[in-house]
Structure formats: C-alpha cells, structure tokens
Amino acid sequence: CDDVEATVYPGAPTICGDLLVNDCGGSDTGCELTGGGLVTAYDQASWFGITASDNVGVSGAGVGDIDADGNDDILFGANTYDPTGMVTNAGRAWLYAGGALSGETELAQSAAGYATFSGSSTTNADYLGFQVASAGSFVGAATADVVIGAPNMKVGSFSVAGETYVFSDPAGATSKTGASLIVQGRAGSDNVGYDVSGGWDVNDDGQDDVVVGAYGYDTASSSSVYDGMAGVFFGGTTGTQLLTAASAAFTGTAAGSEPA
C-alpha cells in the first residue's frame, strides 16, 4: 500500500480512473467512487430540486437518531429553494428518517420528510439551509438535535444579519418558530449561520454545544469590514440570543484580516 496517498489504504473504496489501487487489492477495477462522488448505481436514495437553481445538497449531515427508531437520520439544505409564499431564495432544509430510504424523490413544494424547515421571509432572501449540522444532545441528555443556518436572514432593520436555529425534537417543524434556540446577527451583513457545527461537549458539562460562524461580523458594527466571528453556545441555552451573547467567541483582530 501507499502511506503517502490519503485515498490508498486496505479496504478503501476504489476511485474510478485515478490510476491508483485504492484498496490495496491488486488492480484499479470494481470502482465504487468517481471524481464527482458516488456513482448513481450505488446510491440507496437521492433527492433533486424542481428548478435549476434550487441548490439541493448545498449542505448535508448525518444527525443521529432523531426519531429513536434505531436508524440514524439525514438532514440536507437547499439555500436557494423558493418555498410557496416566500421570497425567492428563502431556502429550505429537509430531515429524513433513516431506514427504508430508496429511489429518487423530487422535492416538490408538498415534499415532506420527518421535518421540513423553510425560510420565513416574504421580503428577503434568507438562504435557510446554507449550512446544516447535528447539534448532538444540545437541549437535554436524551435528545438528538439539529442546527440550521440562514445567513441572509433580515433581523429587524438589518439586512443579511443572519440567524441560526437549534431544533430539539423537530418532528413536524416547519419554520424557526419551533426552534429551541435562535442566534441572531446584531448588524447588517453579519451573516450569522454562514457556518454551523455541533455535537461536542466542549465545557464538559454533559450537554453538547454548538458553534455558529458569522463570516461578515464586524467588531465595529460598520458593515464594511469583515473581521468574522465564531461563537460557541453551551448546551442548554434557549430563547433568542444575539451572537455577541455567545459563551465563548473567536474574532478576527484587524481591519482587512481574513474572516474568523
């Protein structure tokens, strides 16, 4: 085998046409992967949008066993999907229960998984679903929670301030009104929810925590310098919170710096 190539190790999936014996099996045949991802013949289930610009799959994550049926579940977003009655690019995210998933599913307006989350604005492109992730057991020890970013959400009079939502027991949820925690930007162009992550207990208190990224955060609130900020919210935090209320935060330190 090859200790230099990261795609070469015993039992690795064989990548078509890379001229490497990825699985150390003696030949570059029986390929399971291609440069563009999984070959269609190996897909168990797939979903597709209804327009050319829906961006289905712009984000996706395995999120644990939300419905407690013994199978892990999947969450994915389409940040430029247009839910009925909402503004263009409001965005949507779908949670599908694991288990008997098969075939192709067109994500029509009526398509509903275990839960379906939609952007809620009629005037602003929310981009809900731009990022999604597992939040682990954020609200309580027995829960399996999810976190969803909407980085273009308008907050009050601030355009593109952004919001992030943590949902606990999200069965039937359709919008942010069912969120246990809402994190908001505090100025225009903060882009709260540009990145989200969770599922780790960083302060060792028995509850998992979430990290919320704000690409456009400006420490001077001028909406002109992108310092960037990543805020850590400890498990159990609920209600509507500004990003600046994070339990811990990391920011860029100088004008013109790379966003945090």
Side-chain angles (χ1 to χ4, degrees), residues 59 61-68 73 75 77 90-95 97 113-121 124 126-156 158 160-187 190-215 217 229-251 260:
S59 62
V63 292
D65 187 8
I66 302 291
D67 57 351
D73 308 318
L75 174 68
R92 180 168 281 181
W94 295 264
L95 174 65
Y114 183 72
T116 303
F117 314 89
S118 297
S120 57
S121 177
N124 196 71
D126 299 337
Y127 270 29
L128 184 143
F130 183 74
Q131 290 290 337
V132 302
S134 168
S137 296
F138 181 84
V139 176
T143 64
D145 309 325
V146 300
V147 54
I148 300 173
N152 280 18
M153 177 68 72
K154 185 176 183 179
V155 178
F158 299 115
V160 199
E163 289 186 336
T164 293
Y165 315 112
V166 177
F167 292 88
S168 178
D169 189 20
T174 57
S175 70
K176 66 180 183 180
T177 56
S180 301
L181 171 65
I182 300 175
V183 179
Q184 297 179 325
R186 56 82 174 100
D190 275 356
N191 289 122
V192 168
Y194 190 87
D195 203 358
V196 298
S197 186
W200 299 275
D201 182 11
V202 300
N203 62 337
D204 199 27
D205 68 347
Q207 288 182 283
D208 291 328
D209 311 310
V210 298
V211 181
V212 179
Y215 175 89
Y217 180 85
M229 178 175 175
V232 181
F233 287 82
F234 291 157
T237 305
T238 59
T240 300
Q241 309 281 344
L242 290 178
L243 178 67
T244 50
S247 306
F250 307 87
T251 62

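The first residue of the sequence shown is numbered 1, and numbering continues consecutively from there. Quick note: numbers below take in every heavy atom, side chains included, and nothing from hydrogens, waters or symmetry partners.
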Working for side chain to side chain contact (heavy atoms under 4.5 Å, CB included), residues Asp126 and Asn152: CA-CA 5 Å; Asp126 299 337; Asn152 280 18; 5.6 Å; no

How far does CD1 of Ile148 sit from CD of Gln131, to the nearest 0.5 angstrom? 11.5 Å

Tell me the closest heavy-atom pair linking Ile66 and Ala144, and the distance in Å. CD1-O, 3.0 Å

Residues which pass side-chain contact (heavy atoms from CB on, under 4.5 Å) with Ala161, listed by chain and number, not counting sequence neighbours: Val155, Phe158

Could you tell me the separation between the OG1 atom of Thr164 and the CG atom of Leu243, rounded to the nearest 0.5 Å? 8.0 Å

Residue set satisfying ring pair (Phe, Tyr, Trp, His ring centres under 6.0 Å) with Tyr217, at least two apart, ordered chain then number -> none

Going through the distances and angles, do Val160 and Tyr127 end up as a side chain to side chain contact (heavy atoms under 4.5 Å, CB included)? CA-CA 10 Å; Val160 199; Tyr127 270 29; over 6 Å; no

When rounded to the nearest 0.5 Å, the distance separating CE of Met229 from CZ of Phe250 is 9.5 Å

In chain order, what residues pass the side-chain contact (heavy atoms from CB on, under 4.5 Å) check against Ser134, with sequence neighbours excluded? Val63

With sequence neighbours excluded, what pairs up with Tyr165 under the ring pair (Phe, Tyr, Trp, His ring centres under 6.0 Å) test? none

Using residues 192-201 as the side-chain source, report each donor-acceptor pair under 3.5 Å to any protein atom, sequence neighbours left out, with the distance given to one decimal.
| residue | atom | partner | partner atom | Å |
| --- | --- | --- | --- | --- |
| Asp201 | OD1 | Asp204 | N | 3.0 |
| Asp201 | OD1 | Asp205 | N | 3.1 |
| Asp201 | OD2 | Asp205 | N | 3.1 |
| Asp201 | OD2 | Gly206 | N | 2.8 |

Which atom pair, heavy atoms only, marks the closest approach of Val211 to Ala230? CG1-CB, 4.3 Å

Pairs meeting criterion salt bridge (Lys or Arg N to Asp or Glu O under 4.0 Å) with involvement of residues 171-181, two or more places apart: Glu163-Lys176

Phe130 versus Ser59, closest heavy-atom pair with distance: O-CB, 3.4 Å

Worked verdict on Asp73 versus Tyr114 for side chain to side chain contact (heavy atoms under 4.5 Å, CB included): CA-CA 9 Å; Asp73 308 318; Tyr114 183 72; 5.8 Å; no

Holding to side-chain hydrogen bond (donor to acceptor under 3.5 Å, both in side chains), I want the full list of residues that pass it with Ser168, two or more places apart in sequence or in another chain. Asp145

Applying side-chain contact (heavy atoms from CB on, under 4.5 Å), can you list everything that pairs with Ser247, at least two apart in sequence or on another chain? Phe234

Rounded to the nearest 0.5 Å, what's the gap from CG on Asn203 to CG on Asp209? Could you check? 4.5 Å

How long is the span from the CZ atom in Phe167 to the CG atom in Leu181, to the nearest 0.5 Å? 10.5 Å

So CH2 of Trp94 and OG1 of Thr116: to nearest 0.5 Å the spacing works out to 7.5 Å

Are the side chains of Phe138 and Ser180 in touch, meaning some heavy atoms are under 4.5 Å apart? no

Arg92 to Ser118 - nearest heavy-atom pair and separation: NE-OG, 2.8 Å

